[in-house]
Protein chains: 12
Amino acid sequence: MSATAAAGRPMAHYAAARRAGDFVFVSGVVAVDPVRQAVLQRYDELPAEAVAALTTLGYCTGQMSVDLYEAPAVVQSWFVLDRIRAIAREHGGDMQDAIKLVQYFRDLRHYPFYNRVRGLFYPGEPPASTVVEVSRFMPGDGALIEVEATLHLPRKA
Amino acid sequence: MSATAAAGRPMAHYAAARRAGDFVFVSGVVAVDPVRQAVLQRYDELPAEAVAALTTLGYCTGQMSVDLYEAPAVVQSWFVLDRIRAIAREHGGDMQDAIKLVQYFRDLRHYPFYNRVRGLFYPGEPPASTVVEVSRFMPGDGALIEVEATLHLPRKA
Amino acid sequence: MSATAAAGRPMAHYAAARRAGDFVFVSGVVAVDPVRQAVLQRYDELPAEAVAALTTLGYCTGQMSVDLYEAPAVVQSWFVLDRIRAIAREHGGDMQDAIKLVQYFRDLRHYPFYNRVRGLFYPGEPPASTVVEVSRFMPGDGALIEVEATLHLPRKA
Amino acid sequence: MSATAAAGRPMAHYAAARRAGDFVFVSGVVAVDPVRQAVLQRYDELPAEAVAALTTLGYCTGQMSVDLYEAPAVVQSWFVLDRIRAIAREHGGDMQDAIKLVQYFRDLRHYPFYNRVRGLFYPGEPPASTVVEVSRFMPGDGALIEVEATLHLPRKA
Amino acid sequence: MSATAAAGRPMAHYAAARRAGDFVFVSGVVAVDPVRQAVLQRYDELPAEAVAALTTLGYCTGQMSVDLYEAPAVVQSWFVLDRIRAIAREHGGDMQDAIKLVQYFRDLRHYPFYNRVRGLFYPGEPPASTVVEVSRFMPGDGALIEVEATLHLPRKA
Amino acid sequence: MSATAAAGRPMAHYAAARRAGDFVFVSGVVAVDPVRQAVLQRYDELPAEAVAALTTLGYCTGQMSVDLYEAPAVVQSWFVLDRIRAIAREHGGDMQDAIKLVQYFRDLRHYPFYNRVRGLFYPGEPPASTVVEVSRFMPGDGALIEVEATLHLPRKA
Amino acid sequence: MSATAAAGRPMAHYAAARRAGDFVFVSGVVAVDPVRQAVLQRYDELPAEAVAALTTLGYCTGQMSVDLYEAPAVVQSWFVLDRIRAIAREHGGDMQDAIKLVQYFRDLRHYPFYNRVRGLFYPGEPPASTVVEVSRFMPGDGALIEVEATLHLPRKA
Amino acid sequence: MSATAAAGRPMAHYAAARRAGDFVFVSGVVAVDPVRQAVLQRYDELPAEAVAALTTLGYCTGQMSVDLYEAPAVVQSWFVLDRIRAIAREHGGDMQDAIKLVQYFRDLRHYPFYNRVRGLFYPGEPPASTVVEVSRFMPGDGALIEVEATLHLPRKA
Amino acid sequence: MSATAAAGRPMAHYAAARRAGDFVFVSGVVAVDPVRQAVLQRYDELPAEAVAALTTLGYCTGQMSVDLYEAPAVVQSWFVLDRIRAIAREHGGDMQDAIKLVQYFRDLRHYPFYNRVRGLFYPGEPPASTVVEVSRFMPGDGALIEVEATLHLPRKA
Amino acid sequence: MSATAAAGRPMAHYAAARRAGDFVFVSGVVAVDPVRQAVLQRYDELPAEAVAALTTLGYCTGQMSVDLYEAPAVVQSWFVLDRIRAIAREHGGDMQDAIKLVQYFRDLRHYPFYNRVRGLFYPGEPPASTVVEVSRFMPGDGALIEVEATLHLPRKA
Amino acid sequence: MSATAAAGRPMAHYAAARRAGDFVFVSGVVAVDPVRQAVLQRYDELPAEAVAALTTLGYCTGQMSVDLYEAPAVVQSWFVLDRIRAIAREHGGDMQDAIKLVQYFRDLRHYPFYNRVRGLFYPGEPPASTVVEVSRFMPGDGALIEVEATLHLPRKA
Amino acid sequence: MSATAAAGRPMAHYAAARRAGDFVFVSGVVAVDPVRQAVLQRYDELPAEAVAALTTLGYCTGQMSVDLYEAPAVVQSWFVLDRIRAIAREHGGDMQDAIKLVQYFRDLRHYPFYNRVRGLFYPGEPPASTVVEVSRFMPGDGALIEVEATLHLPRKA
């Protein structure tokens, strides 16, 4: 599968994911809307079921001063993990097959938001996880989180 | 094995390591004492045999002004690599099975300290190694080094 | 193969690459000339065929004020990817077997230069790709790009 | 009532609160434990009922990496508002009599934490509220929040 | 009156103003459009009569390079004071009843703009006035001015 | 009383203080000499009795290197509080009627100086007190302290 | 010709150009769209023939991550030089009559982009040229390049 | 005419202006009082007619807190343009002969002040105009504006 | 004459100077050695007669600690002015025909060095002169001074 | 006498003091408690007689907010001078024999505190004294003052 | 001799110099005028013979823009060395007896100025000399140089 | 002995050392190669016996990434102390006669390196020692360490 097949303009020429034996290596994902070519920042940029799920965590309060500070990290966390899950599904698996995540943050103070959201995606056994704070991501300063996943999807015999 | 089974409070909900086929992916390790929940900084926070080994490298001088500057990086290097070795052993392998390390530093001037300590853990063939300087690690500014290991541990037929 | 076997003085004790099953993990590569022990900065530090290839992209203009700003990122991009290709060949493969790249930049404004150069190495299916901006690389401030590759090279039955 | 009557050493010579007609002006409160003379930073520095209440908001997760980032602001929010409530009670009123709050933050990104905690103290009509980010508070960099309250407590005829 | 009754989404759960005896305490006001949830920055975001009044002060020049630098502070000054006047009127008073203002600026170089605008609102006796430069306001970096007013509105016997 | 009636040029159009019922709200005071329009910085800018009083606290040492560092904060503390006392007296009260002070500092390390000086003005019951460090005051960087007072001066029946 | 005759709102009261003898002095030009009053940043803000010309230089790649970094400087270079050419034509000349350019950059790393674009406008003899990096341009931080041209257009006898 | 002929000490050995054919090139002017050798900062450093003219623009308010922030840029704008007009007159012309101005600012936020003042000097056709923000001017940080003028003064036949 | 005709590689495609009527506009000059493509920094990079002339000003002391700090600005001043003189001579004139100089500095503290050197080139009537401090010059941080000259060289009838 | 003979761990291998003829050179002293290996910061780390002496200077106020800012510099001043006096006594002299002090500060605003404390140690003729502000002292950022003394202690004939 | 005997107010209680055996230790000297209590900055603050001597070095040019940058370091160098010579003479010696100087600078770029001035004071054998750049000197940011001298003045038998 | 007699160009006019009675005062030494006039940075700039000695301490590892970070401080430490020993020998003494050292560092993290090297020079009784971190040394940013020594070398009777 090629990244250029995605809706909207491609970020660059690279594969969204590459299978190699029993593994699928997923490229680092940031929360860029492929059509608008913009980084997500607000709850209303997510689908309704995402907002509903995030509300169970206490987010999407409807109070501007609270949401203003929390929305970017919460929304990007959901988008990025949802995108990885979609890729897993395209390869015949699901989120529990993402057995290793490398998670880059621009500011580690966003970790608590991300961590609660990730809990929605991993109700069962959690993945191996690496977390580091780095300087910046490609689409610019608005991007707060980038996640690189390794999927373990043994081919059926 | 789950990270929540470790002594003390867990860092977060993630697996310390996940097996996938012949590989074991180890989560990024920082030098946090699981009981005190603090990053190691001094030689007396290590077991005696670690101190003895580090002394052969010329560290642990007993002079306050020297140890003050060298201890944090030296101590954390030992702790992190020792933890990876412990995980390898829990999976039936040993340090030489950690065939790839991604090593993050907050300040690359700590590399010489780390490099000497790593030599103690890899008397034989060294691993593939990536080294980058990043901004910060999760438990806070005191953490100077994070290492992510990939173990190659083929299941016995 | 051990890094210490390379021409010149070794960067440090680590393996340039390690095979594990059907995978070869390549250590992070920076554009250090192993003999001069210096980071490449100018077009005349590359072989002629590299310069010829880069000229097709519009680089190597011969105008000092242009080349001065573009050469370091362009030259290092070529060097680093060429080195990975060489390692792939040493293991019996080629660039298309480098199915995953983690690409670290000191300044993401260098990405466009790198991206054009990478196109020269991947005429066919592109790799899975992660891009992050970090703080610094080992040989010092002159190094702008570090790339870590994973090769998928199934052993012949 | 004089501040010097409080347990532990006084912060300075000032009144914790002064009545003037039907108003009680409460001095700015920061989360300093009067006995240890230290700013509160962790959940275990709060009484159990406070922790229980905060847990209903999703805080006190028991995960070190989450609590580490959230605890200081959450804990100080609770402590400061609880202290204002205690002063209101000493003057024969309760929290709903604190009809105006001036809330100073060292970093407005802590506002969402504070806002949720304040909701626990004001189940009914909320106070008039001013929020600004300033540079620092008296006991030092660890103090993140200072709140000044005006109580309306008409004397009984 | 509750802040949640205002048009658009509330900033947070707090009262726009609270009466206490003969006083009405107005919460700190910043120039946020309650519907668009954005801080005002341009003259065309104000009603026509506001623009007309500001033109008498020499502002709204119609020259882009001038208005670009002056509009944010001038526009926010008008909006904030107009909002306080509206609250005074809701409580049966008018601007001259706002007998004390605490005025926070992110940059005191905006004071001259604010001062001229305030003159439009206080043709008679001026209020007691405190002016300080602080770090930031809740809705983010675009907000330059926050004003907290105390109204003296004795209840009719 | 209007601020424009003071000696020298007015700071701006605002009231030095406004009575409202039993309260007098005093505008924030900084140590600006109304005639010279400059912020006070040296002991010889104070009247002799002020210097005498400050000497009892150990200030005004006559040693240039000591006075150079201490004089600005000590002198401004005295001037500001003395001005508030004068306003209280103009309204028929005295310092003990200033029952609430909001004290802004540009650098909280000046608090000890201010605190000792304030002790001279409040031999009896101290006021309610709020202390925060902010960025700057109106007359410029030389101003270190601003104090806003609330006086409780019930009208005689 | 007066700048106020241009479409949209004028930047300020100044002449776009003034003839003096055989010379026409062109005011410094930045890439501000006169109708939208915004600095150009994207390829789709240029006319199609401009995009076509820039594509011959290797720009307008259609890859978001590349264009994102290159578009602002490339687009502004084209716009500014095209505007100077238009002014030259209004005075009966053409680009080759712009015999001297003073070129201000906010970041000299944009010079290579500008230099290639300028080559499109000067196929023949190049102008005298001064290049310096300065701090900022009038419409704000988005403006990267300002060019001041001197035209030599001898009046016909 | 040589700069050394001016009152007071010369800035340096350079000509205040040089005629070349029909042009007079005026050296960059900053607002330095040639006798006191200091940069102008206050309204009372200007002649009365200047103050009167500036008052028509709304400046010279007589309020210390307003004038303090506005005076330096307003005063220097007048001084610099007045000096250029004087030089034009010394060469038998007037301000309308200054057909091109290069205007350097240390902070472009001063442009609105300058722009209004320049309107006083150019009631008719405005000059060609270049505006850039640079780092500093020769007499030091107090100098905010430097203007270089080109006069077109054809010699009489 | 074209810049590409100079020895070594061209800086970029631009004319070293362009005649227009009686004027020759010289491109901004920085002290780049055209062969080595490096900015001059030391006295021994100048010809002997330049060193001799500079010695008469008290420079070239032969003391390393003195020359180290003074050489870059002194050497570049000489080189830049000497290059302008050479261009003037190529056009049949000499230094006194450079009737206007715009002189850009990266640090105005270098002005005294430059000023003394310029005195060597202008024994007679000095030029009109503009001096500003800017951020950077094209060949990089080592370049401290850039000078743009306008020559007045009336064509012989 | 050797520094290694002191209680606790040595700072490093150096002599606390060395006699040379009639002089004793004392190594630079910082306020490190030799047993706890920590820099002194609080009054309760000093012996009671020290606190009593400091109280006569107005320090040790018992008010947390005052002592917090003053204690580190006051306490370290006493400790360092007391240590020098102890060394003088070990060599058969006393404080008045310390005829020259070089006093390094991390922040010269601590000088007034130090100066008053030094007065306690030199009731008679003061020493020759050099004072400079430097960047840092060996045991880390907590150390504010370092003093190097020269003792003149002629050997008895 | 005591420092308190000097004209004007003393810097602090210390000895300007202390004899110890055959040595006289001079306290660190900065260029503070004891009467005005200000750091010297201009040539006209020196006696005429000093100016005459400095003119022989090429300083005191009479050009404002040159003297402005050079005067502070040149003037302070002369003042400080002249003061040390005066102290030497008070003790019956002269400058050549100052056999060791420790010279602190706030900016080592001032060294060339100081070095030339010192040459005026040491026509013969130069002293042992230490030069370091530190952060600040006691009387404040205006002080650029501090010199500590050791005099060797054997008592006459 | 005069510094001007050394090989290469002198740093400045000062004495490398001056005898005064039984003392020899050595000027501050930095690691400048007198012939190349450059600060030492690499092991291969030292004589072979120095390298051999440093290898016994674990330095000179031959691994580029380690030596790169350690060499500058280690090499300069050896050079500076070796130079002091050479001066001691020129005066008929040896290193043990350097009874007092003032050691300036640009970064105290280099102390451990220096301390180990100094141990090679002082096998017996260590000197009195002062250590401070300052801003910079004369030959520029590459110099990390400066040491000033006092030798006690009683003249033979």
Side-chain angles (χ1 to χ4, degrees), chain D residues 19-26 28 57 77 81 88 93 95-137 144-155 157, chain E residues 1-6 10-30 32 39 80 83-84 87-88 90-91 98 100-107 130-152 154-155:
Chain D
R19 176 178 277 277
D22 289 344
F23 292 94
V24 174
F25 296 99
V26 183
L57 298 174
S77 296
L81 291 167
M95 201 64 184
Q96 75 271 12
D97 301 311
I99 44 84
K100 182 196 161 196
L101 300 179
V102 182
Q103 290 129 136
Y104 303 99
F105 289 78
R106 283 200 67 206
D107 186 338
L108 279 172
R109 284 175 289 192
H110 295 137
Y111 180 77
F113 306 113
Y114 172 82
N115 182 66
R116 286 193 180 87
V117 175
R118 193 178 62 184
L120 298 175
F121 286 79
Y122 281 98
E125 191 180 8
S129 163
T130 294
V131 173
V132 290
E133 183 182 299
V134 296
S135 306
R136 210 180 304 259
F137 303 118
L144 304 175
I145 300 171
E146 177 168 352
V147 180
E148 180 201 283
T150 303
L151 311 178
H152 186 229
L153 286 165
R155 294 179 191 275
Chain E
M1 198 215 90
S2 151
T4 61
M11 288 278 289
H13 289 314
Y14 66 91
R18 281 288 299 269
R19 176 177 278 276
D22 290 345
F23 292 94
V24 175
F25 295 99
V26 183
S27 294
V29 178
V30 290
V32 178
V39 177
V80 163
R83 175 90 181 104
I84 289 169
I87 291 171
E90 289 172 12
H91 287 78
K100 182 196 161 196
L101 301 178
V102 183
Q103 290 129 136
Y104 303 99
F105 289 79
R106 282 200 68 206
D107 186 338
T130 293
V131 173
V132 290
E133 183 182 298
V134 296
S135 306
R136 209 179 306 257
F137 303 117
M138 191 112 76
D141 287 2
L144 305 175
I145 301 171
E146 178 168 350
V147 180
E148 180 200 282
T150 303
L151 311 178
H152 185 228
R155 294 179 193 276

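Throughout, a chain's letter reflects where its sequence line sits, starting with A, and its residues are numbered from 1.
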Chain D: which of Arg136(E), Arg19(E), Glu133(E) shares the most heavy-atom pairs with it under 4.5 Å? Arg136(E)
Where does [X] contact chain E at under 4.5 Å (heavy atoms): side chain, backbone, both or neither?
X	value
Ile99(D)	both
Phe105(D)	neither
Asn115(D)	side chain

Nearest non-hydrogen partners of [X] and [Y], listed with the distance:
X	Y	answer
Ser27(E)	Ser129(D)	OG-N, 2.6 Å
Phe25(E)	Ala128(D)	O-CB, 3.5 Å
His13(E)	Pro126(D)	O-CB, 3.9 Å

If you tally heavy-atom pairs under 4.5 Å against chain E, which of Val134(D), Leu101(D), Asp97(D) wins? Val134(D)
What pairs with Asp107(D) under salt bridge (Lys or Arg N to Asp or Glu O under 4.0 Å), at least two apart in sequence or on another chain? Arg109(A), Arg109(D)
Arg116(D): salt bridge (Lys or Arg N to Asp or Glu O under 4.0 Å) partners, not counting sequence neighbours: Glu70(A)
Test side-chain contact (heavy atoms from CB on, under 4.5 Å) on Val131(D) and Tyr14(E); report intermediate values, then the result. CA-CA 11 Å; Val131(D) 173; Tyr14(E) 66 91; over 6 Å; no
Let me know if Tyr104(E) has heavy atoms under 4.5 Å from chain D in its side chain, its backbone, both or neither. side chain
